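Note that the coordinates shown come from a computational prediction; the quantities given were computed from them, not determined experimentally. When a ligand or atom number is given, it counts from 1 through the structure's own listing order.
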Amino acid sequence: MEHENANAELISVMVPCFNEEASLPLFYEEIRKTMSEMSAYTFEVILVDDGSKDGTLPLLRSFSLEDGRFRYLSFSRNFGKEAAMLAALQASKGDYVVYMDADLQDPPSMLPKMMSVLKEKNVDSVGTRRSNRKGEPLLRSIFARMFYGLMNKISNVKLVPSARDYRLMTRRMADAVLSLCEYNRFSKGMFEWVGFTTEWLSYPNIERAAGKTKFSFWKLMKYSIECITGFSTAPLMFASLMGAFLCFAAFCGIIVIVIRYFIGVSSAFGWPSMMCVVLFVGGVLEWSIGILGTYLSKTYLEVKRRPVFLLKESSETSGDGHSVDRRDSVTENVREE
Ligand code: UDP
Ligand code: MG
């Protein structure tokens, strides 16, 4: 490690990488430039290979050989960005930790500014948000806006619209995030849930430096359901509210029928109206069961207590390439059925 100043504070840069062979060489250059500009600090860069199928892992190996500040972890398969973020945080040793994407959409050049804001404002976290969504597909922007609107209505945890995962935190906040040991992870929610004070910096959206996005529209939809079920139980109220509404409607219907009977008007509206009622009630029931099922499935995954990720190799393992880093707490409580 390049320890120019043994007393300097350590910053851990944490980067999830999934099939990032195209953007990693560019990222490597950029982050090294930033590190050399911030000579008052020492650095470690933790790159997590999230089961990549391309040349990502050999690149990570070569970075760590070339520059001792670069460490890497490699998963046995693709466990998702959230798992990679957890692995990096668990491995980090820094007084400060910062998440960054490998595609340079989170510009490393902003780090000095983030660090000075953290110190000047005496806060525990500096988050970043995009001031626009230039270059993003329209449908994705519309759904993102709807999602943040809905989420902030139904959850106690308030999400900042357009917030990125690019975030600098103090060690005490990082430890607070680590104390949340849930299996279904949604970092943006967890960062807000743990509290502490956050300052926000805005910057215009930057398009990916190279390669393609790893989040399809459906993957993002699944991710938002993760967030809703993880941070709100409001959907569970849906069944009770609909039940109450239908009871009220049925009660009004009965009164109308009784009145019509006494004034001598027939109340038989026939088959079509009956079908509508049957389908409506059936639909509401199915929907409610679906919502219950979603929460149940999340609970099922939590109680199984499977590890969030499994390692197959890391810069600290002694080169056989297949041993699992046993020091990792997550891999220690493997309890597969
Ligand atoms: N990523 C990951 N595992 C995944 C998907 C993505 O580690 O299953 C990483 C990816 O390599 C990148 C970051 O998460 O560093 C953000 O992904 P991406 O840029 O594809 O998402 P977008 O910016 O398009 O939302
Ligand atoms: Mg990206």
Side-chain angles (χ1 to χ4, degrees), residues 12-31 45-60 63 70-92 97-108 110-111 127-145 147-148 159 161-167 184-188 191 203-224 226-227 308-314:
S12 304
V13 179
M14 308 175 294
V15 192
C17 313
F18 177 48
N19 295 340
E20 294 287 5
E21 67 177 3
S23 45
L24 272 172
L26 306 168
F27 176 80
Y28 182 67
E29 288 310 318
E30 275 296 310
I31 192 70
V45 183
I46 305 170
L47 300 146
V48 182
D49 162 37
D50 183 11
S52 302
K53 297 248 184 301
D54 64 355
T56 296
L57 182 55
L59 270 175
L60 302 192
F63 294 161
F70 285 73
R71 300 165 59 197
Y72 70 88
L73 305 168
S74 179
F75 287 176
S76 58
R77 65 168 170 84
N78 179 241
F79 281 91
K81 183 182 179 189
E82 285 292 339
M85 288 171 78
L86 173 67
L89 196 60
Q90 285 184 340
S92 71
V97 298
V98 58
Y99 279 120
M100 255 179 225
D101 285 357
D103 58 4
L104 295 178
Q105 280 192 295
D106 301 334
M110 264 181 81
L111 189 57
T128 59
R129 49 186 301 192
R130 294 185 283 187
S131 53
N132 63 20
R133 287 179 170 267
K134 191 174 81 52
E136 195 181 67
L138 186 65
L139 197 63
R140 197 164 148 166
S141 303
I142 293 172
F143 271 88
R145 213 158 282 149
F147 166 73
Y148 281 111
L159 296 180
S162 302
R164 292 195 56 84
D165 287 332
Y166 188 16
R167 187 188 273 258
N184 299 289
R185 302 184 75 81
F186 181 75
S187 288
K188 283 195 187 85
F191 295 149
Y203 66 97
N205 191 32
I206 301 167
E207 289 186 46
R208 188 171 243 289
K212 280 202 300 246
T213 176
K214 310 298 174 309
F215 283 95
S216 65
F217 186 70
W218 289 113
K219 212 165 159 185
L220 279 176
M221 286 295 257
K222 267 175 64 187
Y223 197 48
S224 24
E226 198 78 72
C227 171
V308 178
F309 59 85
L310 289 169
L311 296 182
K312 72 170 180 203
E313 182 185 332
S314 79

Do the two ring centres, one from Tyr223 and one from Phe186, sit under 6.0 Å apart? yes
In the protein, which heavy atom is nearest to atom 21 (O) of ligand 1, and how far is it? Phe215 CD1, 3.2 Å
Atom 15 (O) of ligand 1 sits nearest the protein heavy atom Pro16 O, 2.7 Å
Could you tell me whether Arg77 sits above the aromatic face of Phe79, with NZ or CZ closer than 6.0 angstrom to the six-membered ring centre and within 45 degrees of the axis? yes
Please work out, at 4.0 Å between heavy atoms, whether the side chain, the backbone, both, or neither of Asp101 comes within that distance of ligand 1. both
Does Lys219 approach ligand 1 within less than 4.0 angstrom via side chain, backbone, both or neither, non-hydrogen atoms only? side chain
Have a look at Cys17 and tell me which of Val48, Leu59, Leu24, Asp103 forms a side-chain contact (heavy atoms from CB on, under 4.5 Å) with it. Leu24
What's the shortest distance from atom 3 (N) of ligand 1 to any protein heavy atom, and which residue and atom give it? Asp50 OD2, 2.6 Å
Between Phe18 and ligand 1, is there a nitrogen or oxygen pair with a distance under 3.5 Å? yes
On a heavy-atom basis, I'd like to know which of Asp49, Thr213, Asn78 is closest to atom 8 (O) of ligand 1. Asn78
Taking 2.8 Å as the cut-off, does Gln105 contribute an N, O or S atom near the Mg ion (ligand 2), distance below it? yes
With a cut-off of 4.0 Å, which atoms of ligand 1 are near a heavy atom of Cys17? 7 (O), 11 (O)
Nearest 0.5 Å, what's the CE-CD1 distance between Met14 and Ile46? 7.0 Å
Is it the case that Tyr203 and Arg164 place a side-chain donor and acceptor less than 3.5 Å from each other? yes
Which residue and atom name correspond to the protein heavy atom nearest atom 14 (O) of ligand 1, and how close is it? Lys81 CD, 3.2 Å
Using a 4.0 Å heavy-atom cut-off, which part of Lys214 comes near ligand 1: side chain, backbone, both, or neither? both
What residue and atom, counting heavy atoms only, is the protein's closest point to atom 19 (O) of ligand 1, and at what distance? Asp103 OD2, 2.6 Å
Quick check: are there more than 12 heavy atoms from other residues, nucleotides or ligands sitting under 6.0 Å from CZ of Arg140? yes
Do other residues, nucleotides or ligands put more than 12 heavy atoms under 6.0 Å from Lys53 NZ? no
For Arg140, state whether at least one heavy atom is located under 4.0 Å from any atom of ligand 1. yes
Restricting to N, O or S atoms of Asp103, which is nearest to the Mg ion (ligand 2)? OD2
Would you mind checking if Arg208 and Glu20 are paired as a salt bridge, meaning a charged N to carboxylate O distance below 4.0 Å? yes
Pair Glu82-Lys188, salt bridge (charged side-chain N to carboxylate O under 4.0 Å, His left out): steps then yes or no: CA-CA 10 Å; Glu82 285 292 339; Lys188 283 195 187 85; over 6 Å; no
Using only heavy-atom distances, determine whether the side chains of Asp50 and Asn78 contain a donor-acceptor pair under 3.5 Å. yes
Nearest-contact summary for atom 12 (C) of ligand 1 - protein heavy atom, Å: Glu20 OE2, 3.3 Å
So, Gln105 versus Tyr166: side-chain donor-acceptor pair below 3.5 Å or not? no
For ligand 1, the portion of Ala102 having any non-hydrogen atom under 4.0 Å away: both
Is there a nitrogen or oxygen of Gln105 sitting under 3.5 Å from a nitrogen or oxygen of ligand 1? yes
Heavy atom of the protein closest to atom 18 (P) of ligand 1 (residue, atom name, distance): Arg208 NH2, 3.4 Å
